[in-house]
Amino acid sequence: MTTALIYLVVMLLVAAVVFLLAAVVFGRGEELAPLPPGSSPTRLPAEDITGEDLADVRFQLVFRGYKMSEVDWVVRRLGVEIDELRARVAELEQREQERESSPEGTS
C-alpha cells in the first residue's frame with residue numbers, strides 16, 4: 001500500500017515538473033500579449049471609410065461571439081458616415097437643380 005502511494009506521489013511530482021518545464025519553454029501559446037481591459041483592436045479611419053476599411057475590421061472575440069460594444073461602435077460610425085454622404089449628395093443634387101433652373105445668361 002505504501003509503495004503504491006510513493007509511486008503515486010513520485011508520478012505527481014514528475015508530472016508537475018514536466019508541466020512547469022513545458023510552460024516555461026513554450027509559454028501559454030499566445031502570439032501577442034492580451035489586451036488591457038476596456039481596449040479594443042477594432043480600428044476605423046476618422047473620415048472617409050472605404051469598403052477596404054470595412055473588410056479589414058476585426059472584432060475581439062468573447063465567449064458568445066464578438067464583443068457587442070465594438071460591433072455597436074462600428075455600426076454607429078457607419079451610420080454617421082452614410083448620413084453625411086447622403087446629405088452631401090442631396091446638397092449637390094439641389095445645387096445641380098438650381099443651376100439647371102436658372103437662366104442661361106446668368107452665372
May I ask whether [X] and [Y] are part of the same hydrophobic cluster, defined by side-chain heavy atoms of I, L, V, M, F, W, Y residues being less than 4.5 angstrom apart, directly or through others?
{"X": "V74", "Y": "I82", "result": "no"}
{"X": "L85", "Y": "L54", "result": "no"}
{"X": "V10", "Y": "V18", "result": "yes"}
{"X": "V9", "Y": "Y7", "result": "no"}

Quick one: do R95 and E91 satisfy salt bridge (Lys or Arg N to Asp or Glu O under 4.0 Å)? Show the steps, please.
-> CA-CA 6 Å; R95 282 187 193 171; E91 176 187 330; 2.8 Å; yes
Quick one: [atom1] on [X] to [atom2] on [Y], what's the gap to the nearest 0.5 Å?
{"X": "T3", "Y": "L8", "atom1": "OG1", "atom2": "CG", "value": "12.5 Å"}
{"X": "Y66", "Y": "E70", "atom1": "OH", "atom2": "CD", "value": "11.0 Å"}
{"X": "M11", "Y": "I6", "atom1": "CE", "atom2": "CD1", "value": "13.0 Å"}
{"X": "R88", "Y": "D83", "atom1": "CZ", "atom2": "CG", "value": "15.5 Å"}
{"X": "L12", "Y": "F19", "atom1": "CG", "atom2": "CZ", "value": "13.5 Å"}
{"X": "L92", "Y": "Q97", "atom1": "CG", "atom2": "CD", "value": "11.5 Å"}

Answer whether the closest heavy-atom distance between the side chains of D72 and R76 falls below 4.5 Å.
->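 They are in side-chain contact.
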Stepwise side chain to side chain contact (heavy atoms under 4.5 Å, CB included) check, V80 with E84 = CA-CA 6 Å; V80 167; E84 289 174 356; 3.5 Å; yes
Do you know the tightest heavy-atom contact between I49 and R77?
->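 Here I49 and R77 meet closest at CD1-NH2, 3.5 Å.
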Would you indicate whether E96, at its atom CD, is surrounded by more than 12 heavy atoms from other residues, nucleotides or ligands within a distance under 6.0 Å?
->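 Result for CD/E96: enclosed.
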